[in-house]
Amino acid sequence: MPTELLQQAAADNHWAAIGPELMVGCLALLLLVLEIVLPKARHEIIPSVAVVGLLGIITGFVINYHTAFVGQTTFNGLLRHSGTGQFLRLFFLLAATGVSVLGIVALKRQKMPKVEFFAITLVVSGAMMLLAQANNFVMLFVALETVTVGFYILVSYTRTNPLSLEAGLKYLIMGALSSGILLFGIALLYGVAGNPALTAASADSMNFDALRVFLYANPDNIIAAVGIVLVLSGVAFKVGAVPFQIWIPDVYQGAPTPVTAFLAIASKAAGFAILLTLVTVFDGYQSLVVGVLTVMAIATILFGNLAALTQHNVKRLIGLSGVSHAGYLLVGVIAAIHVPFAVGAICFYLFAYLLGSLAVFGVMTHVSGDDDADQDMDHYADLAKTHPFLGVVLAVGLGSLAGIPPLAGFMGKLLVFLAAFEAGLYALLGVAILGVVISIYYYFGWIKAAFFPQWRPPVFEGDDPLPEPPRQVVSTPAGILLATAALASVLLGFYQGPLGAWLGLG
Amino acid sequence: MTLFWPVLLIAFASLLAAFVRLPGQWKALWAVFPGAAFAWVVLSWPAVVGEGELMASIAWFEQLGATVDLRLDAYGGLMAGLVTGVGTLIIVYAAGYMEGQPGGSRLISMLLIFMAAMLGIVIADNLVLLFVFWELTSITSYLLVGFNHEKEDARKKALQALLVTGTGGLALLAGMVLLALEAGSWQISEILQRGDLVTASPYLPGIIVLILLGAFTKSAQFPFHFWLPNAMAAPTPVSAFLHSATMVKAGVFILGRFSPIFNGSEWWHGPVVVAGLVTLLVGAILGLFQTDLKKILAYTTLAVLGMLTMLIGFGSDLALKSMLVFLIGHALYKAALFMVAGGIDHGTGTRDVWKLGGLSAVMPFTMVAGALAAFSKAGFPPFLGFIGKEYVYKTGTSLDTLAPIFTGAMLLGNMLIFALALKVGWYPFWSKGKEAMLEGHPHEGGWMMWLPPLVLAVLGLVFGFIPVWTGDTLVLPALSEITGKSMHEHLALWHGITLPLILSLVTFVGGVLFYRAREFFWRKHDRVESSPKVEHAYDRLLVGMVKFAKRQTQAIQGGSLSRYMFIVVGATALLLLWKFVRFDGWPELTWEGRLAPIPVIACIWTMVGAIVAAVAKRRLIALLAMGVVGLGITVLFVNFGAPDLAITQLLVDGLTVVLLLLVIYRLPPIKAEANRWIIRADAALSVFFGMLIAALTLSAMQLHVVERVGETLAQMSYAEAYGRNVVNVILVDFRALDTFGEIIVLAIAAIGVTALLAASKERSSDED
Amino acid sequence: MGVGLTEYLTVAAVVFAIGFVGVLVRKNTLVIYMCLELMLVASTIAFVAFSRFNGTMEGNVFVFFILTVAAAEVAVGLAIIVALFRRRQTVQVEELNALKN
């Protein structure tokens with residue numbers, strides 16, 4: 001390492017560049033402090049503080065950070081700030097806000113400590129924001145583990161519920177396994193790229209830029225190839241790509257609903273953020289990467305859709321359908337190697353997915369009973385009649401997830417598929433379209449349950465009518481969230497405006 | 001921009017109808033909105049015919065080439081007139097039909113949104129936009145067909161219609177994307193002008209097949225015809241609108257729309273003609289056996305759609321002209337007949353032909369409407385249906401190839417349609433001796449139930465009376481649009497005594513015979529229904545898919561963590577293995593045996609510890625072995641000249657062991673694994689994986705040793721950061737952000753553990 | 001110094017593989033968890049060996065992060081296992097399958 005480089009590195013710690021992340025961290029700290037300072041009766045306001053704080057940070061971010069530092073690397077090459085990274089940061093902030101609101105609704109019913117939930121959600125989303133900008137394996141690993149450890153706790157949050165704990169254990173073991181695989185892959189890549197005997201070896205071989213150069217110069221290195229396969233396997237776990245999707249249905253079912261939402265939306269997006277970065281880093285091994293991802297994409301789309309088809313538990317259904325969404329996004333990632341606008345397409349898809357999922361999970365939190373893991377399709381009977389608002393939001397959310405025109409989800413799918421088409425991925429496109437066809441079946445099965453009148457045995461006089469499934473009254477913040485998600489899902493299908501321009505689509 | 005208003009107006013009305021609940025008959029007021037749209041279409045007709053088209057456009061999504069382009073030409077305008085005109089009457093009818101039943105507003109709201117989408121299809125000038133409207137009609141029709149049905153079966157049928165048309169829609173989208181890329185434009189009017197680009201494309205067969213799939217599923221062409229009769233589960237106003245004049249016509253509509261491009265291609269004529277022909281015969285013949293009024297109508301709709309498709313497939317100017325005349329005639333009489341059937345159902349409570357009869361006295365207005373519509377359908381002069389039939393025969397007899405066969409098929413089809421028309425529009429009113437079988441008191445519905453069908457039926461008569469006007473104002477402009485040349489030949493009622501006229505007479509005779517033999521066919525109804533059909537293949541496909549999906553999901557997502565890990569490890573191993581088979585071939589193994597005592601001992605020590613930890617039968621031994629591994633690692637760290645690391649390792653390792661120790665006696669002792677086969681499979685996989693990793697690692701190492709631990713860095717650390725401990729300097733300065741993150745990890749863990757343990761305590765005290 | 005990088009990496013790979021064996025073969029959650037830790041340990045060996053032979057400090061530093069993260073994981077993991085045991089009275093993985101298809 002030449003001296004100049006180090007000098008530069010030391011001067012490189014622009015803490016301002018990670019202002020939003022720091023503020024998210026401080027907000028988390030503030031919540032903990034408030035818990036100590038405030039009397040117990042006033043603890044009710046802490047979740048609101050989290051949401052309001054997040055909204056403030058989002059406003060500040062949109063105003064100040066839209067283009068700040070874009071194109072630079074900071075912290076000695078640990079972070080690289082790109083347009084996509086900026087978008088994803090905003091994405092994670094929005095996801096955290098949505099999940100916090102869901103948390104307010106869902107936690108009210110369970111007798112659980114509330115403050116930790118919000119604090120951990122905040123910290124995890126801060127780590128995800130860093131993850132989206134990571135330019136170095138050290139950064140990537142630390143941020144990723146922050147996310148993972150945070151999720152261990154969140155998934156098993158309903159400790160009085162053995163199912164939540166079982167989900168936590170499953171996530172823990174599978175997560176640690178995948179971390180182990182990922183880590184060993186990183187070790188191999190680090191070692192081989194730093195080896196002075198090889199051309200283009202770098203002293204800073206954890207750095208993505210250096211690694212990229214090295215991989216280009218050594219296109220046939222076995223250790224590097226093994227490292228790449230192991231790293232991709234580890235990331236595939238986060239993304240939920242087959243065969244590393246295996247944890248998803250169980251964990252989604254057992255976890256508290258807001259956490260499931262957080263996993264579905266943000267954890268998946270974080271995985272794709274990493275994947276998008278790594279695909280460019282591994283460019284020298286394109287045929288290997290494309291090969292691995294193609295196999296995964298096909299298996300993911302087919303398995304996810306077929307498995308979702310058989311589900312009655314809506315949490316498992318949404319988890320497995322989320323697997324298939326990961327498959328479509330993988331197609332986009334492969335396309336992104338050749339077609340630049342595919343990255344924007346993926347971002348748009350993720351955003352549409354965020355809105356659709358928030359709408360659906362929002363309805364789920366209102367419909368679910370005391371047992372969070374037991375959310376059956378039958379509980380949605382006559383929802384449209386008893387709660388028209390929830391019914392409409394559910395229909396819009398599911399429709400958007402299914403890719404029904406002209407909702408946002410349709411635009412996202414169309415963009416990704418178009419990118420794939422331009423990249424010449426015809427076989428993958430065929431599989432993807434097949435997947436979409438299958439998905440219509442189960443998404444509409446759900447809508448059907450909510451909208452079409454259900455047959456009920458006649459109630460005779462004197463008999464008590466069958467108990468109605470429990471349904472929450474929609475509170476104002478939850479109502480605003482649901483309405484926003486649904487409206488935005490509709491609007492984004494018609495008008496992309498600044499978002500489209502930002503992602504290079506408009 | 002005025003083009004946007006009709007669609008927006010109807011969509012707005014739909015939204016309004018969802019929230020504003022008008023009482024009872026007042027719901028008919030919603031017809032004002034589609035009525036206004038219809039008036040607009042009528043008023044702009046002269047301009048459309050004069051200028052050829054009206055256009056409007058706003059930006060939408062440029063990356064996709066999607067702008068909201070609307071274009072009203074004579075062909076689309078004709079359809080727009082039908083959609084809004086029939087739609088207006090349907091809303092009035094629906095208000096009457098739903099009176100006194102819950103959900104009337106909802107039905108009208110959904111009908112209106114469907115209408116807006118349908119109007120969108122016929123005036124869209126952009127492929128993406130067309131697809132959007134196309135799928136919207138599929139979805140709204142799904143909701144409409146499933147409206148108010150508590151029977152699981154009816155809901156299944158609704159989903160079936162959606163799946164078939166939705167899948168076809170995706171095929172259509174794929175075909176349209178190809179089309180757009182080949183023509184270099186997403187705008188339909190432009191693509192139509194660049195037809196030669198498309199016909200020269202190597203993808204032409206693909207484009208045609210995909211678009212045909214879309215059109216055939218929507219227009220219920222064989223072998224996708226089965227969803228249409230099943231969709232009769234819908235309330236009658238829905239059937240009258242969707243399954244006569246509008247949605248099922250959408251497929252025919254786009255066939256006509258794109259026919260200028262594909263006319264002349266061998267991939268076009270063959271499939272279209274054959275599909276049309278088969279659908280015509282299948283629909284007409286199966287219709288004979290039906291005993292439910294609406295089912296009869298559904299099968300005749302199939303037959304007519306087949307006829308229209310076949311005519312488009314012929315592709316000659318004459319054939320297209322016949323198609324248009326037939327299409328207008330059908331829209332008028334079929335919607336009317338559906339409404340009549342609904343009126344009968346409403347008045348008597350049944351649609352079963354075995355029970356119906358003698359209604360002419362109690363339902364006079366409905367009877368008139370039914371008779372007029374049935375006559376048009378049967379093709380009596382001077383109804384529009386007659387002219388349509390004449391043109392069909394004219395087309396058939398003037399074909400170059402296989403004229404006798406096609407004309408024969410048309411003849412048979414028309415005879416059956418004739419018979420079916422009388423069964424719906426005549427039989428329930430005039431057959432004798434059934435009055436006693438009807439329960440309750442048959443009665444005429446309100447004016448809202450008989451006026452709309454009467455208006456349509458009378459229009460069928462009026463249009464037939466003034467063929468020249470009908471031809472010049474309605475048919476010819478639209479015909480010019482889809483043939484691409486201006487057409488002037490007038491429509492006429494009387495052509496002299498020609499072959500078509502003779503064929504018409506034969507049709508009457510044959511039709512009457514079939515009508516008289518009705519009960520013979522009706523008695524066979526149950527047998528025909530239970531015979532194997534295409535629908536069964538669809539059902540089996542669906543059931544098979546679900547079964548397969550269930551099995552695979554149960555096998556993979558069975559809930560066993562061991563199985564899960566097995567899959568993940570196995571998959572990783574396969575990926576690695578595949579990498580070599582596919583990309584590199586097998587690595588060569590090398591071994592540079594140089595051994596020194598201390599590290600070798602530490603290494604062996606570590607490995608032994610690891611093995612013991614992995615196989616120990618007792619908890620404590622496993623735990624101690626973990627400690628041993630930690631110690632081995634520490635020695636290795638020292639040997640590498642990294643004392644800081646060694647100390648940290650020792651501390652963390654000690655901490656971990658202590659933590660485990662604290663926990664371990666609260667948990668039960670280790671149980672032996674029961675199933676030896678599982679153990680063996682697991683062991684085999686893991687040994688395989690281990691060997692794979694080891695071999696790979698071993699193989700590649702031609703790496704060479706360089707200088708001792710980062711001396712330059714050590715020197716620099718003082719110069720740059722004024723710290724003497726290299727690692728410290730790195731941690732706080734060069735890797736400051738990571739260290740920061742690290743602290744956060746620990747903080748989270750602390751919060752989590754506190755929360756978890758606190759709760760456990762709380763809970764156990766609850767239980768005590 | 002007579003031992004080359006290859007040997008160290010072999011040890012790392014072998015320990016990693018042993019971890020895998022344990023994870024697969026053992027059915028006691030706690031032991032599985034220990035074996036997962038073994039896999040992390042294997043990575044640390046590889047990192048330090050690479051660091052030493054490549055002459056860069058990055059690997060050493062990374063090991064610090066791994067150690068702390070591992071400690072955090074252990075803490076959380078144990079908390080979950082204990083809480084689960086209190087509820088279900090078992091830590092055998094094959095008995096923990098209430099969540100399934």
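Order of the sequence lines fixes the chain letters, A, B, ..., with proteins taken first and strands second; residue numbering starts at 1 for each chain. Heavy atoms only: backbone and side chains are in, while hydrogens, waters and symmetry mates are out. No experiment lies behind these values; they were computed from the predicted model shown.
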#### Entry: A/Tyr442: partners by side-chain hydrogen bond (donor to acceptor under 3.5 Å, both in side chains), with sequence neighbours left out
A/Asn305

### Query
Quick one: of B/Trp134, B/Tyr142, B/Phe131, who has the most non-hydrogen atom pairs under 4.5 Å with chain A?
B/Tyr142

### Query
Quick one: what part of A/Leu32 sits under 4.5 Å from any heavy atom of chain B, side chain, backbone, both or neither?
side chain

### Query
Does any heavy atom of chain B fall under 4.5 Å from the side chain of A/Ala307, the backbone, both, or neither of them?
both

#### Entry: Heavy-atom pairs under 4.5 Å with chain B, option from A/Leu169, A/Val124, A/Ile173, A/Ile246 with the top count
A/Ile246

### Query
Would a 4.5 Å heavy-atom cut-off, applied to side chains only, mark A/Phe348 and A/Leu492 as touching?
yes

### Task
Could you look at A/Phe303 and say if it's the side chain, the backbone, both or neither that has a heavy atom under 4.5 Å from chain B?
both

### Task
Supply the atom-to-atom distance A/Leu172 CG to A/Glu166 CD, rounded to the nearest 0.5 angstrom.
13.0 Å

### Query
Tell me, side chain or backbone of A/Glu21 under 4.5 Å from chain B's heavy atoms, or both, or neither?
neither

### Task
With a 4.5 Å cut-off on heavy-atom pairs, point out which of A/Leu434, A/Thr310, A/Val149 contacts chain B the most.
A/Thr310

### Summary
Bottom line for A/Ile181: the part with an atom under 4.5 Å from chain B's heavy atoms is side chain

### Residue pair A/Leu131 / A/Met139, side-chain heavy-atom distance below 4.5 Å
no

### Minimum heavy-atom distance B/Ala180-B/Leu127, with the two atoms named
CB-CD1, 3.8 Å

#### Entry: Qualifying residues under side-chain hydrogen bond (donor to acceptor under 3.5 Å, both in side chains), relative to B/Thr137, sequence neighbours excluded
B/Lys218

### Query
Is it the side chain or the backbone of A/Val123 that comes within 4.5 Å of chain B heavy atoms, both, or neither?
side chain

### Query
Of all of B/Lys547, B/Lys550, B/Gln554, which one pairs up most often with chain A through heavy atoms under 4.5 Å apart?
B/Lys550

### Task
Check whether A/Val147 gets within reach of chain B through its side chain, its backbone, both or neither, counting any heavy atom under 4.5 Å.
neither

### Task
Evaluate the side-chain proximity of A/Phe244 to B/Thr572: yes if any heavy-atom separation is below 4.5 Å, no if none is.
yes

### Query
Hey, does B/Val177 have a side-chain heavy atom less than 4.5 Å from the side chain of A/Phe417?
no

### Query
Which answer fits A/Leu309, side chain, backbone, both or neither, if we ask what part of it has an atom under 4.5 Å from a heavy atom of chain B?
side chain

